[in-house]
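Naming convention: chains lettered A, B, ... in sequence-line order (proteins, then strands); numbering from 1 in each chain. Side chains included, hydrogens not; waters and symmetry mates left out as well; all remaining heavy atoms used.
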Number of protein chains: 2
Amino acid sequence: MNRRMSPEARREALVQAAIRVIARGGVAAATTRAVVAEAKMPLGAFHYVFTSRDELLSEVVHTITDGERMAAELALLEGAGLEATVAAALASYLDLLIADPDRELALTELSLYGLRHDPALARRQHQLYFLEMEAVLRQVAERCGIRWTEPLPELARRLIVVTEGITGTWLADRDTDAARGVLRAVAAWVAASAERVDA
Amino acid sequence: MNRRMSPEARREALVQAAIRVIARGGVAAATTRAVVAEAKMPLGAFHYVFTSRDELLSEVVHTITDGERMAAELALLEGAGLEATVAAALASYLDLLIADPDRELALTELSLYGLRHDPALARRQHQLYFLEMEAVLRQVAERCGIRWTEPLPELARRLIVVTEGITGTWLADRDTDAARGVLRAVAAWVAASAERVDA
DNA sequence: GTCTATAAAATGATAGAC
DNA sequence: GTCTATCATTTTATAGAC
């Protein structure tokens, strides 16, 4: 068996291991020892590809906030009405959250870590998040044959605010029914900011 | 000068010092040494009133989540319309956030710490948060002479979701104008779930 | 290149002088 | 009761054997 790995593969393996460790026990639990143990590597391998624990955590922050969070919102319905489409997109995000709460908790912690450690980077990645949401809204408009009656950035921000809020609230109380209720109300709210396009 | 303090006063002083340390550098920075230094006490004094660092952090979590977050929402306007009243309440919360972002960042971190360390306690305190918001909504209804047309728990949850979302989003991008925009839209949204009471 | 063994620093907790 | 000095543990980081 060849134990030799490329440095890039080793870094990636350690980043993924770190995410799993953080999901289980929080950022504080992500010691170099815990991470290499999770990745089934000897301790020495760590400093072979990372100069410090902070460098690993920065790479983790960079990796996970790089669009991973919004992926689910792209799961749009075919041929459904506007409100149903928005509701379905939010619901698919909620399903992802429910399927792996520890992971989402870890993402939240890492987001805070990034905010403290490198606010400028956190801000840039937050910006990408907005752009992605705007793209989703444009896609929704096209599929449903509507036009948004309010500025896209404002609508995108409302959805991001609500998404973050639902995440935080559900992580605290795990009340799925209540979360779905909010979600439906939000879908109706957002759908009210659209008008039909007569083609 | 009498250096003697009652154990209760000492505990409280250490808790307040811990909150300041956490606001500056996160939960990870709240080492026993850092906290006693902030409180201007010798290291030995720490274990004189706390058996462990975890006990201090638990007390901090208990203290801060104990209704401190919602205090601002009680700042209601006199004699204003419904939408303006809700908007003013949300705006006063936002002002508090802007006035001391590090503190709110610390509260968020501590909330996550509590969620990991003692989920049951975190859940109970989250519940209190809901009840407080419902009380605010009842108060608003009374002052504005309206009746809510949707279940109070659902309205309260929507407002908590939005409040958490605005907090997280503003902490990330510090875009105050955008936050105020969301806030106004939310006030209109919530105000739509009410009808006049003819007395 | 890989990994074991160890150094160096930080931290939680305590013992014992005053 | 108070606080200094110290211990034991944990952790990051590195040196050196293979």
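Between B/E154 and B/R158 a salt bridge is recorded (basic side-chain N to carboxylate O distance below 4.0 Å). We find that A/R123 and A/D118 are not joined by a salt bridge, their nearest charged nitrogen and carboxylate oxygen being 4.0 Å or further apart. Here A/D95 pairs with A/R180 in a salt bridge; the nearest charged N to carboxylate O distance falls below 4.0 Å.
B/T63 places a side-chain heavy atom less than 4.5 Å from the side chain of B/E59.
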**Request:** Treat primed atoms plus P, OP1 and OP2 as sugar-phosphate and everything else as base, then score nucleotides 12-18 of chain C 5' to 3': B for base contact with protein heavy atoms under 4.0 Å, S for sugar-phosphate contact only, - for none.
**Result:** BBB----
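One finds a side-chain N or O of A/R10 lying less than 4.0 angstrom from the OP1 or OP2 phosphate oxygen of C/dT2.
We find that OH of A/Y48 is positioned 17 Å from C1' of D/dA13, with the value rounded to whole Å. Between B/F50 atom CZ and C/dT11 atom P the separation is 19 Å, expressed in whole Å.
Under the 30°/60° scheme for interplanar angles, the aromatic rings of B/Y129 and B/H126 are found to stand perpendicular.
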